[in-house]
Number of protein chains: 2
Amino acid sequence: MNKNIKVTISDIAREAGVSKMTVSRVINDASNVAKKTRTKIQKLIKEMDYQPNLIARSLSNKRTMTIGILVPKREKIFLDNYIAQILAGVSEIIKKHDYRIMLFPIDIEDDSGYVSIVRGNLIDGLILLKISSDDTWINSLAEIDFPFVFVNHRREDEKFNFVDSENKKGIKLAVDYLYSLGRRDFAFVAGSMNETNGVDRLNGFKEALKDKKLIFNDEWIIKGEFNKDIAFENSAKLFIKKKKPDAIICSDDYMAIGVIDRIIKEGFRVPQDFSVIGFDDIEIASYINPALTTIRQPLHELGVRAASILLNIINKRNVNTVHEFLEVELIKRDSC
Amino acid sequence: MNKNIKVTISDIAREAGVSKMTVSRVINDASNVAKKTRTKIQKLIKEMDYQPNLIARSLSNKRTMTIGILVPKREKIFLDNYIAQILAGVSEIIKKHDYRIMLFPIDIEDDSGYVSIVRGNLIDGLILLKISSDDTWINSLAEIDFPFVFVNHRREDEKFNFVDSENKKGIKLAVDYLYSLGRRDFAFVAGSMNETNGVDRLNGFKEALKDKKLIFNDEWIIKGEFNKDIAFENSAKLFIKKKKPDAIICSDDYMAIGVIDRIIKEGFRVPQDFSVIGFDDIEIASYINPALTTIRQPLHELGVRAASILLNIINKRNVNTVHEFLEVELIKRDSC
DNA sequence: GTATATAAGGAAATCGATTTATATGAATAA
DNA sequence: TTATTCATATAAATCGATTTCCTTATATAC
């Protein structure tokens with residue numbers, strides 16, 4: 001009884017005295033098989049412990065039932081909580097439809113890996129997380145009509161599907177809230193200008209100030225990356241001049257944490273001296289001290305929607321390009 | 001110029017006026033191809049933008065260059081930071097060897113999904129994270145000689161490979177440290193007894209008390225799950241009696257956070273009234289207030305080792321079963 | 001009673017690579 | 001000079017399913 005010799009469809013067909021085609025019909029629950037035949041084959045499949053070779057199936061029917069997820073690999077930990085939450089949403093949907101997830105952590109510079117995977121017919125579709133705007137290869141994906149969806153990356157182009165959050169609105173919520181608390185001197189710690197996220201949030205900030213007829217102080221716009229340590233470094237200059245802001249809006253939660261560290265280091269207090277507000281509502285946000293007030297992105301839902309849209313495209317249930325913006329929400333905690 | 005008609009190896013062979021075999025040799029960098037022929041074929045591959053179909057390749061050579069990772073799906077977020085760190089380590093190694101990662105979030109009850117994947121020849125090997133001890137199907141994996149490695153799951157059996165941390169030693173480090181701080185009344189908040197992690201840490205605790213000749217108080221052993229909320233609930237009874245412990249060792253960091261929440265809720269202070277110590281050193285540990293003293297598991301390294309061992313098994317570079325224990329380390333912060 | 005669906009099933013081609021076995025001419029060894 | 005090796009290359013089989021295209025018998029419609 002050598003368990004290592006795999007039973008194939010031919011073995012079942014031979015034992016059952018039918019053609020492979022008939023066995024295939026039974027496996028795939030297709031019609032044109034008599035009840036009696038079907039039962040006999042099903043029994044044999046169990047007895048002989050047959051399991052279809054999924055690779056062979058994929059080669060033949062040209063679908064792998066696998067979707068790829070491109071995850072940017074930054075620093076040591078490529079899966080921060082932001083990405084984990086989106087992944088959870090994606091996973092929830094695709095599992096329902098019997099798809100699988102293939103994970104591709106990619107270095108930002110190195111774009112060679114994913115190409116061979118897409119072109120190598122290994123996946124049926126792709127979800128792209130946190131892609132910077134200037135990636136050259138994305139156009140080639142669209143050219144070959146490969147199904148893919150951006151998450152949190154606005155790309156207003158008929159060729160591209162995306163699910164994004166209402167970034168501008170989120171920042172406006174933040175400004176309104178801080179304004180209602182009596183704050184009038186706003187600083188903004190911006191994320192990468194290579195991500196639409198970063199750009200949109202900064203623009204939202206500028207618009208919100210204009211709406212409120214507040215002075216826009218260019219020195220209080222700190223540019224940088226979506227990165228705690230960089231935010232910690234760059235935000236230092238907010239505290240050297242005599243005139244300081246009283247509210248600091250950050251482009252994401254990790255950055256807000258960096259800014260709070262900086263504030264503490266400079267000997268000030270949050271929220272007494274400075275209100276700080278983040279964006280995303282990652283897991284840590286509620287754990288830190290003071291607990292972080294933030295704009296919650298529906299990360300899980302973002303994943304859910306992206307997966308649903310992708311499956312629609314793959315299964316041709318959708319013809320139109322999808323540009324979707326999900327609602328954000330102000331989460332009040334202790335940092336304002 | 002229809003980009004959707006894929007170029008195959010046959011197309012290249014025809015254009016080059018050679019057999020498919022020769023093209024295959026060029027693709028795989030094999031010998032027995034004249035330099036001139038090789039150059040000509042390489043040129044054609046570029047010109048015609050040929051990319052091998054990886055599914056076809058897998059069917060033929062019976063390797064998918066993909067390893068699967070079984071991740072338990074608990075609550076809403078299946079990827080907590082603990083798992084993310086391990087994954088980062090795994091990813092680092094397998095990418096170097098041109099393997100890919102397929103992620104399988106599984107519900108603890110439902111064991112049907114992974115079987116078809118393993119048996120369906122979709123992956124070359126499997127890494128199992130946080131598997132409970134009583135899974136029935138694992139034996140069937142061993143029976144068919146499928147390569148797999150446990151992470152953080154001790155299974156002292158010649159059939160199984162694993163990489164684990166020195167759990168007992170970690171708890172002993174914790175006890176020693178707390179003892180050196182003058183603590184003498186130890187409580188232990190245990191994780192699931194279905195995971196060897198949980199069992200080993202509890203046993204480590206008992207042994208450490210014995211070593212130190214401290215009284216073992218059964219009421220101060222709180223059993224539960226590796227879960228913050230459950231720890232919060234169950235640890236309540238540590239604080240109702242007059243005689244309370246002065247040090248609380250927790251089976252993981254999330255639990256420690258739950259216990260600290262409980263302590264605060266009961267109106268006590270950490271570390272003044274109670275020293276609390278966790279296990280793992282997840283990302284949040286350093287962010288909370290007070291920053292959590294904990295036993296660091298080399299999570300990233302755990303992933304690195306698991307991947308290396310698995311690749312060795314897959315490529316038959318290793319005959320012996322591997323049972324590996326990695327060093328843990330005391331990280332002193334503010335909760336003790 | 002004949003024409004036409006419909007159900008049941010099979011044979012061969014196919015998916016796109018690799019593996020295996022074989023052939024040929026040139027270089028080297030005996 | 002003959003035998004052997006080596007480099008180069010090919011044809012055919014193979015991997016294990018599905019797809020496509022038939023065939024046959026039976027049921028239904030007209």
Side-chain angles (χ1 to χ4, degrees), chain A residues 4-42 44-45 48-66 98 116-124, chain B residues 4-42 44-45 48-66 98 116-124:
Chain A
N4 284 321
I5 291 170
K6 284 244 167 79
V7 178
T8 71
I9 197 172
S10 304
D11 299 325
I12 302 289
R14 190 178 356 88
E15 290 305 310
V18 299
S19 73
K20 292 193 292 179
M21 191 58 247
T22 304
V23 179
S24 177
R25 285 196 178 105
V26 172
I27 298 167
N28 294 291
D29 233 347
S31 57
N32 290 347
V33 181
K35 205 161 197 174
K36 212 175 151 184
T37 316
R38 189 181 295 273
T39 313
K40 196 214 299 189
I41 292 173
Q42 278 163 342
L44 273 171
I45 287 176
M48 303 177 67
D49 198 19
Y50 166 70
Q51 205 79 32
N53 182 319
L54 301 176
I55 295 286
R57 175 177 290 169
S58 291
L59 177 59
S60 178
N61 69 191
K62 292 160 181 307
R63 358 177 70 221
T64 59
M65 301 303 282
T66 302
D98 277 320
S116 67
I117 282 129
V118 170
R119 309 271 323 276
N121 299 64
L122 227 47
I123 53 177
D124 294 340
Chain B
N4 285 320
I5 290 171
K6 283 243 168 80
V7 178
T8 71
I9 197 172
S10 304
D11 299 326
I12 302 289
R14 191 180 352 91
E15 290 304 310
V18 300
S19 73
K20 292 193 292 180
M21 190 58 246
T22 303
V23 179
S24 178
R25 285 202 178 101
V26 173
I27 298 167
N28 294 292
D29 234 347
S31 58
N32 291 348
V33 180
K35 204 160 198 175
K36 209 175 154 184
T37 316
R38 189 181 295 272
T39 313
K40 196 215 295 190
I41 291 173
Q42 277 163 341
L44 272 171
I45 286 175
M48 302 176 68
D49 197 18
Y50 166 69
Q51 205 77 32
N53 182 320
L54 301 176
I55 296 285
R57 174 177 291 170
S58 291
L59 177 60
S60 178
N61 68 192
K62 292 160 182 310
R63 359 177 69 221
T64 59
M65 302 302 282
T66 302
D98 276 320
S116 67
I117 283 131
V118 170
R119 309 274 321 277
N121 297 67
L122 226 47
I123 53 177
D124 294 341

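No hydrogens, no waters, no symmetry mates; every other heavy atom, side chains included, goes into these values. So that the names make sense, note that chain A is the first sequence line, chain B the second, and so on, each numbered from 1. Keep in mind the model is a prediction, meaning the values are calculated, not measured.
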Q: Could you identify which residues of residues 21-33 of chain B place a heavy atom less than 4.0 Å from some atom of DNA chain D, listed by residue number, or say none?
A: B:Met21, B:Thr22, B:Arg25, B:Asn32, B:Val33

Q: Using side chain to side chain contact (heavy atoms under 4.5 Å, CB included), reason through B:Gln51 and A:Val118 one step at a time and then give a plain yes or no.
A: CA-CA 10 Å; B:Gln51 205 77 32; A:Val118 170; over 6 Å; no

Q: Distance check: side-chain N/O of A:Lys62 vs OP1/OP2 of C:dT14, anything under 4.0 Å?
A: no

Q: Mind calculating the distance between CG (A:Asn53) and P (D:dT14) to the nearest angstrom?
A: 17 Å

Q: In this structure, how many angstroms lie between the P atom of C:dA17 and the CZ atom of A:Arg119, rounded?
A: 11 Å

Q: Just the rounded figure in Å: distance from P of D:dA17 to CG of A:Leu59.
A: 12 Å

Q: In whole angstrom, give the distance that lies between atom CD1 of A:Ile45 and atom C1' of D:dG16.
A: 14 Å

Q: Can you tell which of C:dG16, D:dT18, C:dT19 lies closest to the side chain of B:Thr8?
A: C:dG16

Q: Using the side chain to side chain contact (heavy atoms under 4.5 Å, CB included) definition, which of the options A:Thr66, A:Asn53, A:Thr64 pairs with A:Ser58?
A: A:Thr64

Q: Apply the side chain to side chain contact (heavy atoms under 4.5 Å, CB included) test between A:Arg38 and each candidate in A:Lys36, A:Gln42, A:Lys35; give the one that qualifies.
A: A:Gln42

Q: Could you check how far CG of A:Asn61 sits from P of D:dA17, rounded to whole Å?
A: 12 Å

Q: Taking CD1 from B:Ile9 and C1' from C:dT14, how many angstroms apart are they, rounded to a whole number?
A: 16 Å

Q: What residue among A:Thr37, A:Asn32, A:Ile41, A:Val18 forms side chain to side chain contact (heavy atoms under 4.5 Å, CB included) with A:Arg25?
A: A:Asn32

Q: Nearest to the side chain of A:Ser19, heavy atoms from C-beta on, is which of C:dG10, D:dT10, D:dA17?
A: C:dG10

Q: Out of curiosity, B:Lys20 NZ to B:Ile12 CD1, how far, rounded to the nearest 0.5 Å?
A: 13.0 Å

Q: So B:Gly17, base contact, sugar-phosphate only, or nothing? Heavy-atom distance under 4.0 Å.
A: sugar-phosphate

Q: Taking for each residue the nucleotide of DNA chain D bearing the nearest heavy atom, is the 5' side occupied by B:Arg38 or by A:Arg57?
A: B:Arg38

Q: Could you state the CE-C1' distance from A:Met65 to D:dT18, rounded to the nearest angstrom?
A: 15 Å

Q: Does B:Ser58 reach a base, just sugar-phosphate, or nothing at all? Heavy atoms under 4.0 Å.
A: nothing

Q: Roughly how far, to the nearest 0.5 Å, is CD1 of A:Ile55 from CG of B:Asn61?
A: 10.0 Å

Q: So how far is it from A:Lys62 NZ to B:Lys6 NZ, rounded to the nearest 0.5 Å?
A: 8.0 Å

Q: Just how far, in rounded Å, is C1' of D:dG16 from CD1 of A:Ile55?
A: 11 Å

